[in-house]
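Just so you know, these numbers use all the heavy atoms, side chains as well, and skip hydrogens, waters and symmetry mates.
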Amino acid sequence: MTAPDIEAVKAYFLDLQDRICEGIEQADGKGQFFEEEWQREEGGGGRTRVMTNGHHFEKGGVNFSHVMGAELPASASASRPELAGRSFQALGVSLVMHPENPYVPTSHANVRMFVAEKEGEEPIWWFGGGYDLTPYYGFDEDCIHWHTVARDACKPFGNDVYSDYKSWCDRYFYLKHRDEPRGVGGLFFDDLNSGGFDRCFEFVRAIGDSYLDAYLPIVDNRKDMSYGARERDFQLYRRGRYVEFNLVFDRGTLFGLQSGGRVESILMSLPPLVKWEYNWKAEPGSDEARLLDYYLTGRDWVEEA
């Protein structure tokens, strides 16, 4: 089996971060990412880029990190005992964009690689990642476009790849305590190492490279729509679900905190403003109710052929 080329993966992730930041800045027209490089005592570091108070994006971040450690925390190896006692490297790009206009959905994307090593033994490695969309007010054409780009990115790698990773995304981005999806899904995959390093890395590049094609046309179509206090209040209320998921369920957040990661970068994904209301219910037949009754139902948005 071909050994993983960590330096090639790192170079791609850094370039992907650059390209995504450039694309987002052009779409915003005003906001710019400020950059902070950081190091951690345990090993490695990263390059955090954050945009605040842009013309269309209230807050967003596109982070690169490459961290390492002498041994995985027990909580991280509990379900995979073969990783216990191994040193590790984790590298990737993770981003979240929180628009100001409630008609523009929040988006999240992540591509990552994990390597666990032990002297005298073969490294254990895998890729993970994907992207998902969280609208506040739904539009069929946006959901169809998002999933069409995801499907087309997966198509060269097998007939079932999109449907499998779309279903995995629906299961993963699900708030069990609320019994509802976080958004309209997209792709999610983890533990990817079948087919060898070269093939897996090719797939990860296809997913990373397709993110802007999936998101920016939606931003362009919705960013100038007029809205009022009602739409803004609903957006802030629904952002609460985003926060709940990231702090309770998200693997990247939990691993970062458990492994002594940089808290400011890990929690960059949280929106700047959010609200919770006790026992709030959407008015039947309203656009707010339609988000819950129609869009957040894990439906299939594109044909798989």
Subject >> Non-hydrogen side-chain atoms of Phe13 and Ser65 separated by less than 4.5 Å >> reply: no
Original post:
About how many Å separate CD of Glu117 and OG of Ser87, when rounded to the nearest 0.5 Å?
Top reply: 5.0 Å
**OP:** Evaluate the criterion side chain to side chain contact (heavy atoms under 4.5 Å, CB included) for residue pair Asp224 and His56; output intermediate values, then yes/no.
**Re:** CA-CA 9 Å; Asp224 295 319; His56 298 291; 3.5 Å; yes
Subject >> Between Phe189 and Phe203, ring centroids under 6.0 Å >> reply: yes
Original post:
Between His66 and Gln89, is any side-chain donor less than 3.5 angstrom from a side-chain acceptor?
Top reply: yes
**OP:** Could you tell me whether a side-chain N or O of Glu180 sits under 3.5 Å from a main-chain N or O of Leu292, the two making a donor and an acceptor?
**Re:** no
Original post:
Below 4.0 angstrom, N of the basic side chain to O of the carboxylate: do Arg86 and Glu121 qualify?
Top reply: yes
Original post:
Taking atom CE of Met113 and atom CZ of Phe127, what is their separation to the nearest 0.5 Å?
Top reply: 4.5 Å
Subject >> Side-chain (Arg178) to main-chain (Glu244) donor-acceptor, under 3.5 angstrom >> reply: no
Original post:
When you look at Lys10 and Glu7, which way does the salt bridge (charged side-chain N to carboxylate O under 4.0 Å, His left out) test go after all the steps?
Top reply: CA-CA 5 Å; Lys10 181 177 181 178; Glu7 287 305 311; 5.1 Å; no
Original post:
Around Glu141, counting heavy atoms of other residues, nucleotides and ligands shown, do more than 12 lie under 6.0 Å from its CD?
Top reply: yes
Original post:
Less than 4.5 Å apart, any side-chain heavy atom of Ile218 and any of Leu133?
Top reply: yes
Subject >> Minimum heavy-atom distance between Pro217 and Leu212, given as atom pair plus value >> reply: CD-O, 3.7 Å
Subject >> Student check: side-chain heavy atoms of Thr52 and Val50 closer than 4.5 Å >> reply: yes
Subject >> Distance-only donor-acceptor check, side chains Tyr174 and Asp179, under 3.5 Å >> reply: yes
**OP:** Mark yes or no for whether Tyr215, through its side chain, and Pro105, through its backbone, hold a donor-acceptor pair below 3.5 Å.
**Re:** yes
Subject >> Under 3.5 Å donor-acceptor, Asn101 side chain and Lys223 backbone >> reply: yes
Subject >> pair Lys275-Asp233: side-chain heavy atoms closer than 4.5 Å >> reply: yes
Original post:
Are His108 and Asp132 linked by a side-chain donor-acceptor pair shorter than 3.5 Å?
Top reply: yes
Original post:
Is there a donor-acceptor contact under 3.5 Å linking the side chains of Asn63 and Ser94?
Top reply: no
Original post:
If we ignore angles and hydrogens, is there a donor and acceptor under 3.5 Å between the side chains of Ser226 and Tyr103?
Top reply: no
Subject >> Separation of Leu187 CG from Ser163 OG (nearest 0.5 Å) >> reply: 10.5 Å
Subject >> Under 3.5 Å: donor-acceptor pair, side chain of His145, backbone of Asp213 >> reply: yes
Subject >> Pairwise side-chain contact, Asn110 with Leu95, heavy-atom cut-off 4.5 Å (strictly under) >> reply: no
Subject >> Between Asn246 and Arg182, a side-chain donor and acceptor under 3.5 Å >> reply: yes
Original post:
Would you call Arg239 and Glu58 a salt bridge, taking side-chain N to carboxylate O under 4.0 Å as the test?
Top reply: yes
Original post:
Can you list the steps and then say if Asp18 with Arg47 is a salt bridge (charged side-chain N to carboxylate O under 4.0 Å, His left out)?
Top reply: CA-CA 11 Å; Asp18 287 341; Arg47 194 168 74 174; 3.1 Å; yes
**OP:** Group every Ile, Leu, Val, Met, Phe, Trp and Tyr by side-chain heavy-atom contacts under 4.5 Å, then state whether Leu192 and Tyr12 land in the same group.
**Re:** yes
Original post:
Does any donor atom in the side chain of Tyr227 or Gln235 lie under 3.5 Å from an acceptor atom in the other side chain?
Top reply: no
Original post:
Rounded to the nearest 0.5 Å, how far does CZ of Arg199 lie from CG of Asn193?
Top reply: 14.5 Å
Original post:
Can the positive tip of Arg299 be found less than 6.0 Å from the middle of the six-membered ring of Tyr294, inside 45° of the ring normal?
Top reply: yes
**OP:** Please confirm whether Phe234 and Trp280 have ring centers closer than 6.0 angstrom.
**Re:** yes
Subject >> Check against side chain to side chain contact (heavy atoms under 4.5 Å, CB included), Val219 and Phe57 >> reply: CA-CA 10 Å; Val219 174; Phe57 291 104; 4.1 Å; yes
**OP:** Begin from the C-alpha positions of Phe173 and Phe245 and carry the test side chain to side chain contact (heavy atoms under 4.5 Å, CB included) through to its verdict.
**Re:** CA-CA 8 Å; Phe173 290 104; Phe245 180 88; 3.5 Å; yes
Original post:
Taking the six-membered ring of Phe201, is NZ or CZ of Arg205 closer than 6.0 Å to its centre and within 45° of its axis?
Top reply: yes
Original post:
Are Phe33 and Ile24 close enough, and set up right, to give a side chain to side chain contact (heavy atoms under 4.5 Å, CB included), and what steps lead you there?
Top reply: CA-CA 9 Å; Phe33 288 93; Ile24 294 292; 3.8 Å; yes
Original post:
Can you check whether Tyr172 and Tyr165 have ring centres sitting under 6.0 Å from each other?
Top reply: no
Original post:
Is there a salt bridge (charged side-chain N to carboxylate O under 4.0 Å, His left out) between Glu288 and Arg290 once you walk through the steps?
Top reply: CA-CA 5 Å; Glu288 293 79 13; Arg290 183 167 172 79; over 6 Å; no
**OP:** Please say whether more than 12 non-hydrogen atoms of neighbouring residues, nucleotides or ligands are located less than 6.0 Å from CD in Gln32.
**Re:** no
Original post:
Less than 4.5 Å apart, any side-chain heavy atom of Phe197 and any of Trp125?
Top reply: yes
Original post:
Does Arg222 make a cation-pi contact with Phe139 (under 6.0 Å, within 45 degrees of the axis)?
Top reply: yes
Subject >> Side-chain heavy-atom pair Asn279, Lys281 within 4.5 angstrom cut-off >> reply: yes
Original post:
Side chains of Tyr242 and His98: donor-acceptor distance under 3.5 Å anywhere?
Top reply: no
Original post:
Is there side-chain contact between Asp140 and Tyr295, with at least one heavy-atom pair below 4.5 Å?
Top reply: yes
**OP:** Check for a donor-acceptor pair, side chain of Asp220 on one end and backbone N or O of Leu216 on the other, with a separation under 3.5 Å.
**Re:** no
**OP:** Determine whether Leu291 and Trp301 fall in the same hydrophobic cluster, where Ile, Leu, Val, Met, Phe, Trp and Tyr are linked whenever their side-chain heavy atoms lie under 4.5 Å apart.
**Re:** yes
Subject >> Cluster overlap Leu16 with Met268, hydrophobic side-chain contacts below 4.5 Å >> reply: no
Subject >> Atom pair NZ/CD1 of Lys118 and Ile124 - distance to nearest 0.5 Å >> reply: 9.5 Å
Original post:
Can you name the one residue among His147, Arg151, Lys155 that meets side chain to side chain donor-acceptor pair (under 3.5 Å) with Tyr162?
Top reply: His147
Original post:
Under the 3.5 angstrom rule, does the side chain of Lys59 hit a backbone N or O of Leu270 as a donor-acceptor pair?
Top reply: yes
Subject >> Least distance between heavy atoms, Val248 atom then Leu254 atom >> reply: O-CD1, 3.9 Å
Subject >> Carboxylate-amine/guanidinium proximity below 4.0 Å for Glu22 and Arg19 >> reply: no
Original post:
Which heavy-atom pair separates Gly240 from Val274 by the least distance, and what is that distance?
Top reply: N-CG2, 3.2 Å
Original post:
Which value, rounded to the nearest 0.5 Å, describes the distance between Arg49 atom CZ and Glu37 atom CD?
Top reply: 8.5 Å
Original post:
Among the clusters formed by ILVMFWY side chains lying less than 4.5 Å apart, do Val302 and Tyr211 turn up in the same one?
Top reply: yes
Original post:
When clusters are formed by joining ILVMFWY residues with side-chain heavy atoms under 4.5 Å apart, either directly or through shared neighbours, do Trp168 and Tyr131 land in the same one?
Top reply: yes
